[in-house]
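This report refers to the structure that appears directly beneath it.
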Amino acid sequence: MKLTRALPWCLSLALAVPLVGLTGSAAHAATDYQAEDAMISQGTVASNHTGYTGTGFVDYTNTTGSYVEFTVSAASSGTSSLALRYANGTATDRPMNISVNGTVVATGVSFPATTNWDTWASKSVNVSLNAGSNKIRATATTPNGGPNLDRISIGAAADTQAPSRPGQPSCSAVTEDGLTLAWGASTDNVGVTAYDIYEHGNKLAEAPGDATSKALTGLSPRTTYNLTVIARDAAGNASQASPVVDCTTPPSSDTTPPTRPGTLTSSDVTANGVDLSWGASTDDKAVVGYDVRSDTTVYKSVTGTSTTLTGLACNSPYTLNVVARDAAGNVSPQSNTVTFTTKACATDGGVPSSIGTVSSGWTIPWGTYWMPDGQTALVTERDDFRVWKVAKDGTKTQVGTVPNAVTTNGEGGLLGVAVDPKWETNHYVYFMHTASEGNRVVRMTYNGSSLSGYTILLQGIKKNRYHNGGRLAFGPDGYLYVSTGEAQTPALAQDKNSLNGKILRMTTDGKAAPGNPFGNYVYSYGHRNPQGLAFDRNGRLWEAEFGDSSKDELNLIKPGANYGWPTCEGTCSVSGMTNPKKTWNVSEASPSGIAIVRNVIYMASLRGERLWRIPLNGDTENVGTATAYYVGTYGRLRTVTKVPGADQLWLSTTNCDNNGGAADGSDKIFRVSID
């Protein structure tokens, strides 16, 4: 047992120089308090590692409940920043509860590994202090005890208040390739440092914090831009998105299209690709690109006069043509067509062989989850919050709505659904939905015909117009996995204490699952807007994720791994960040749901309007050649789910959403057979 030292004399001493420069609620200059001078319960002062400050550090006894208690002084009451300098030379997180004057103010604060015991790191939380003397205690919550603790520092409180929502945007000076966007100023407790301008969910431009307008250039003629503004402060806090404005650029003064491209030829046809070449087009100004098409569906856009077209379905006929485009958006007459059939399919894993409608009359069916008996599935509709029971033959019955759900006029609303693997005994189902304060994970009771008993399990997941994540899946370990977007605040993705931009792992009663890498809900981080979740036959978790303007991703998720956003989009070489196993241009994918059948991942794509087939290379961590099915045939594909007991998928559309623009009730659920 390690020595227990009680130092009551330290309570009457300052322990350090009194707080300097305190005004209002917090100190401008941080003041340090050494751990070796504090009251220690079940721990000892040590100096057998390097890099500490003062005369030593506290080595916690490896037991639940060991603690170090500091006495600090504040000139006035208010919020201050508490920074704990620590070292953790193990591979296991050593979480602690932080209490002030006997009240726990932060539970399970993560103190993850720091490489070795000679490497020190800092963990900061905001705490409320009374004027005068205060007792701050850091208590270990696991049998491993706490980390080695060097000191605490009390300073100015971190800024956690987001700016107010910017006012209604408006457009002026609209030309064929530009416009001026204006908006009402946002306010902030410290100050607005920047405004981010979004077109749907993608960042289009940025303006300084003292601006209320921005000239947007490089736009396309005769195009409607759906614009919102988000305010940001120096701490990275982001406001809710402003109201929306639609601005439409007029047709170009250049009305002369390029000439018809020269003769299109095809060669080297494989199971999944073909080489194409054609003669150059001319234009009165300039040709900016060529589109390889099948009727009006664009397979690929290039700037040259040849390309290798990949991602084609095997053993399938294709008829393709090429058109040229100029900067004004004028399109040439199409070239001649080439017709060919790709070579035979490899049999491993199977391929889609047929597709048919299971059910119609839907409006943005977002989540699908099969009941444990495999006879019916629960399906959510995003914008009207309804939940349906759907039989294998397509018969659907409404079983209820999810209370307290709200929309965001973007990607929020009633999102994922999951059914408890032990449903037959507990009758629990789980939903993720947007609420007034943010996104929530909730539980309801489902008796086979109706929903009841709404219970909040987890809230505090920030929301915004876009990037709310929302997929739920149960793992082989019996825990619930939750995908969350970064709520259009990229910095949240790298904050391991934030619930946003993450894959979360939790128990069915709403607690962080045991064994999580940081001692909280976070399983992996560095995500932008993850939506697809599926487990393979080895119990590994695969995830599909929306990129911004460059690359969409398919990731193999590992506990504690950092998937890069916003530092990386797609593959990068930054130390400590995990690269995706596959990437796509955003025009080819915008992935939502994924499912696995016979060791093959199927990925539904929204903007890409296709179903991607990505074979897993046996039980390795690599994937094979990705191929596309139903390109442009059924519109925006949202959710794909394996049908229990069959080599089949259910595939749903969301053509009724903001980007699809179809009439309510026009979405469908299809059945895809795999042979």
What pair of heavy atoms forms the shortest contact from M432 to N439, and how long is it? CE-CB, 3.8 Å

Tell me, please, which residues at least two apart from D477 pass salt bridge (charged side-chain N to carboxylate O under 4.0 Å, His left out). R505

Using the rule given for side-chain hydrogen bond (donor to acceptor under 3.5 Å, both in side chains), can you reason through R465 versus S242, listing the C-alpha separation, both sets of side-chain angles and the distance that settles it, and then say yes or no? CA-CA 9 Å; R465 188 184 180 207; S242 72; over 6 Å; no

Any chance you could measure I98, atom CD1, to T139, atom OG1, to the nearest 0.5 Å? 7.5 Å

Side-chain donor-acceptor pair under 3.5 Å between R440 and T434, yes or no? no

Do Q34 and T53 have a side chain donor and acceptor closer than 3.5 Å? yes

Positive for side-chain contact (heavy atoms from CB on, under 4.5 Å) with L504, one of T484, L472, L480: T484

Would you check if there is a donor-acceptor pair between the side chains of T79 and N126 at a distance under 3.5 Å? no

Distance to the ring centre below 6.0 angstrom and angle to the axis at most 45 degrees; does that hold for R443 and Y430? no

Of the non-hydrogen atoms in V522 and S524, which two are nearest, and what is the gap between them? CG1-O, 3.7 Å

Ring pair (Phe, Tyr, Trp, His ring centres under 6.0 Å) between Y446 and H427, intermediate numbers included: CA-CA 5 Å; Y446 172 55; H427 285 190; 7.9 Å; no

Run the side-chain contact (heavy atoms from CB on, under 4.5 Å) test against A182 and tell me which residues pass, sequence neighbours left out. S170, S213

Take Q494 and N562 through the side-chain hydrogen bond (donor to acceptor under 3.5 Å, both in side chains) test and state the conclusion after the steps. CA-CA 8 Å; Q494 289 296 317; N562 179 357; 2.9 Å; yes

Side chain to side chain contact (heavy atoms under 4.5 Å, CB included) between L227 and L204, worked out: CA-CA 9 Å; L227 301 172; L204 188 65; 4.0 Å; yes

Option from N48, L149, V68 for which side-chain contact (heavy atoms from CB on, under 4.5 Å) with F57 holds: N48

Counting the benzene-type ring for Trp, do Y198 and Y466 have ring centres under 6.0 Å apart? no

Contact summary for A487 and K462, nearest pair of heavy atoms: CB-O, 3.6 Å

Looking at every heavy atom in both A205 and K214, which two are closest together, and how far apart are they? CB-CE, 4.3 Å

Plane angle bin for Y525 and F518 - parallel if under 30°, tilted between 30 and 60°, otherwise perpendicular: perpendicular

Heavy atoms, side chains only, cut-off 4.5 Å: are T445 and L451 in contact? no

Side chain to side chain contact (heavy atoms under 4.5 Å, CB included) between V105 and S99, intermediate numbers included: CA-CA 5 Å; V105 296; S99 63; 5.9 Å; no

Less than 6.0 angstrom from the centroid, inside 45 degrees of the normal: does R137 satisfy that with respect to the ring of Y67? yes

For the OH atom of Y521 and the CE atom of M506, what is their distance to the nearest 0.5 Å? 5.5 Å

All heavy atoms of A113 vs all of T90, minimum pair found to be CB-O, 3.0 Å

Contacts of N520 meeting side chain to side chain donor-acceptor pair (under 3.5 Å) (sequence neighbours excluded), chain-then-number -> none

CA sep, side-chain torsions, deciding dist, call: V72, Y33, side chain to side chain contact (heavy atoms under 4.5 Å, CB included): CA-CA 8 Å; V72 304; Y33 296 82; 3.6 Å; yes

Just checking, is any N or O donor in the side chain of E411 or N468 under 3.5 Å from an acceptor N or O on the other one? no

Taking T380 for the side chain and G367 for the main chain, is one N or O donor matched with an acceptor at less than 3.5 Å? yes

Go through the structure and list residues passing side-chain contact (heavy atoms from CB on, under 4.5 Å) with N97, not counting sequence neighbours. V104, T107, T141

May I ask you to test the P143-T63 pair for a side-chain heavy-atom distance under 4.5 Å? no

Under a plain distance cut-off of 3.5 Å, with no hydrogens placed, do N134 and N101 share a side-chain donor-acceptor pair? yes

Counterpart residues, side chain to side chain donor-acceptor pair (under 3.5 Å), relative to T64 (two or more places apart): none

Compare all side-chain heavy atoms of Y86 with those of N148 and state whether any distance is below 4.5 angstrom. no

Mind jotting down which residue pairs meet the salt bridge (charged side-chain N to carboxylate O under 4.0 Å, His left out) criterion with at least one end in residues 138-160? Sequence neighbours excluded, please. D32-R151, R85-D150

Would you say the side-chain atoms of E199 pair up with the backbone N or O of N226, donor to acceptor, closer than 3.5 Å? yes

For S186, the side chain to side chain donor-acceptor pair (under 3.5 Å) test, sequence neighbours excluded, returns S164

Taking ring-ring contact (aromatic ring centres under 6.0 Å, His included) as the definition, give me every residue that meets it alongside W366, ordered by chain and number, with sequence neighbours left out. none

Can you check whether L82 reaches I154 side chain to side chain, under 4.5 Å on heavy atoms? yes

For residues H200 and Q488, report the shortest heavy-atom separation together with the two atoms involved. O-NE2, 4.4 Å

Applying ring-ring contact (aromatic ring centres under 6.0 Å, His included), can you list everything that pairs with Y195, at least two apart in sequence or on another chain? W183

K558: what forms a side chain to side chain donor-acceptor pair (under 3.5 Å) with it, not counting sequence neighbours? E621

Are N202 and S549 packed together at the side-chain level, in the sense that at least one heavy-atom pair is separated by less than 4.5 angstrom? no

List the steps and the verdict of side chain to side chain contact (heavy atoms under 4.5 Å, CB included) for E553 and R528. CA-CA 10 Å; E553 300 177 358; R528 180 176 180 267; over 6 Å; no

Of all pairs that satisfy salt bridge (charged side-chain N to carboxylate O under 4.0 Å, His left out), the ones with a partner from residues 109-129, not counting sequence neighbours: none

State whether the side chain of S239 and the backbone N or O of I230 hold a donor-acceptor pair below 3.5 Å, judged by distance alone. no

Any side-chain heavy atom of V192 within less than 4.5 Å of one from R232? no

Which residues pass the ring-ring contact (aromatic ring centres under 6.0 Å, His included) test with Y479, not counting sequence neighbours? none

Donor-acceptor side-chain pairing of Q531 and S483 below 3.5 angstrom: no

Should N529 and E545 count as side-chain neighbours, where that means a heavy-atom distance under 4.5 Å? no

Ion pair present between D548 and K203, side-chain N to carboxylate O less than 4.0 angstrom? no

Tell me whether D420 is salt-bridged to K422, with the criterion being a basic N under 4.0 Å from an acidic carboxylate O. no

Are any of the side-chain heavy atoms of P490 and W565 separated by less than 4.5 Å? yes

